Amino acid sequence: MTTFTDKVKSVVADIPKGSVMTYKQVAIASGKPAAARAVANIMAANYDPGVPCHRVIRSDGGLGGYNRGGVEEKARILKREGVSLETAK
DNA sequence: TAGTTGACCGGAA
DNA sequence: ATTCCGGCCAACT
């Protein structure tokens, strides 16, 4: 039985390179549309080397945070992946 | 076991 | 447009 946490990790790990998902989207894909906050907490409390949490961003277009090197490192990685951090508005 | 916290989200002021 | 408030869920103390 895969727990919600494991499912979240699986979903995040399934995010293709060059793409990003919001915490809400990940929560939905994990089966809990209202667990966006829980997803964020899971990332912050349990970082896994096989889970590219840097591909998960806020719905506002913000990066949220990063437990590995800060928002600056996260932004750097996303730019390296070819993702535009601008809200495109 | 119960209470608090947080890389959030959406609506209201 | 920005700032404030409440709700939701898992992990931590």
Side-chain angles (χ1 to χ4, degrees):
Chain A
M1 173 54 185
T2 56
T3 59
F4 175 71
T5 310
D6 286 317
K7 193 109 47 154
V8 170
K9 293 196 226 167
S10 194
V11 171
V12 176
D14 196 66
I15 300 176
K17 175 173 175 284
S19 300
V20 289
M21 288 180 73
T22 65
Y23 294 95
K24 183 60 109 33
Q25 291 298 319
V26 174
I28 295 171
S30 302
K32 292 257 192 278
R37 207 165 188 179
V39 173
N41 196 19
I42 291 165
M43 293 305 172
N46 275 346
Y47 178 77
D48 293 276
V51 180
C53 339
H54 59 264
R55 292 190 188 157
V56 185
I57 60 175
R58 296 186 36 150
S59 308
D60 304 88
L63 297 176
Y66 203 46
N67 58 357
R68 204 88 191 270
V71 206
E72 45 186 303
E73 186 64 38
K74 185 171 180 178
R76 188 185 310 171
I77 297 171
L78 288 176
K79 289 177 78 138
R80 190 175 62 181
E81 297 289 311
V83 179
S84 304
L85 291 81
E86 306 305 301
T87 43
K89 74 167 167 13

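Treat the numbers as computed from the prediction; the structure is a model and nothing was measured. Order of the sequence lines sets the chain letters (A, B, ...), proteins ahead of strands, with each chain counted from 1.
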Please write out the pairs of protein N or O atoms and N or O atoms of nucleotides 2-4 of chain B separated by less than 3.5 Å, giving the distance to one decimal.
none

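Atom NE2 of H54(A) is separated from atom CD1 of I15(A) by 8.5 Å, given to the nearest 0.5 angstrom.
When heavy atoms are screened at a 4.0 angstrom cut-off, A35(A) is found touching the sugar-phosphate backbone but no base atom.
As rounded to whole Å, 6 Å separates atom P of dC12(C) from atom CG of N46(A). In this structure, OH of Y47(A) is placed 19 Å from C1' of dA11(C), rounded to the nearest angstrom. Residue L85(A) contributes atom CG, which lies 19 Å from atom P of dA7(B) at whole-angstrom precision. Rounded to a whole Å, the CG atom of L78(A) is 18 Å from the P atom of dA7(B). Here dA10(C) presents its C1' atom at 6 Å from CG of N41(A), a figure rounded to the nearest Å. The CD1-P distance, from I42(A) to dC8(C), rounds to 18 Å in whole Å. The distance between atom CG of D6(A) and atom C1' of dC9(C), rounded to the nearest whole Å, is 16 Å. Rounding to whole angstrom units, CE of residue M21(A) and C1' of dA7(B) are separated by 16 Å.
Within the 3.5 Å criterion, the main-chain N or O of V56(A) finds a donor-acceptor partner in the side chain of K74(A). In terms of modelled atom types and a separation under 3.5 Å, the side chain of S30(A) and the main chain of V26(A) share a donor-acceptor contact.
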Could you pull out every donor-acceptor pair under 3.5 Å between side chains of residues 1-9 of chain A and any protein atom, sequence neighbours left out?
unit_1	atom_1	unit_2	atom_2	d
T3(A)	OG1	D6(A)	N	3.4
T3(A)	OG1	D6(A)	OD2	2.9

What donor-acceptor contacts under 3.5 angstrom involve side-chain atoms of residues 36-44 of chain A, with partners at least two apart or in another chain?
none

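Between A27(A) and A35(A), the shortest heavy-atom contact is CB-C, 3.7 Å. Across all non-hydrogen atoms, the minimal contact from A75(A) to L63(A) is CB-CD1, 3.4 Å. Nearest heavy-atom pair, N46(A) versus D48(A), reported as atom, atom and distance to 0.1 Å: O-OD2, 3.3 Å. Counting all heavy atoms, side chain and backbone alike, E81(A) lies closest to K17(A) at OE1-CG, 2.6 Å.
Within residues 13-20 of chain A, no residue approaches DNA chain C, by heavy-atom distance under 4.0 Å.
Both V11(A) and V51(A) sit in one connected hydrophobic cluster of ILVMFWY residues. Membership requires side-chain heavy atoms under 4.5 Å apart, directly or through other members.
Residue Y47(A) shares its hydrophobic cluster (ILVMFWY side chains chained together at separations under 4.5 Å) with Y66(A), I77(A).
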Completion exercise
Nucleotide by nucleotide, nucleotides 8-13 of chain B touches protein heavy atoms under 4.0 Å in the pattern (B base, S sugar-phosphate only, - none) BSS---
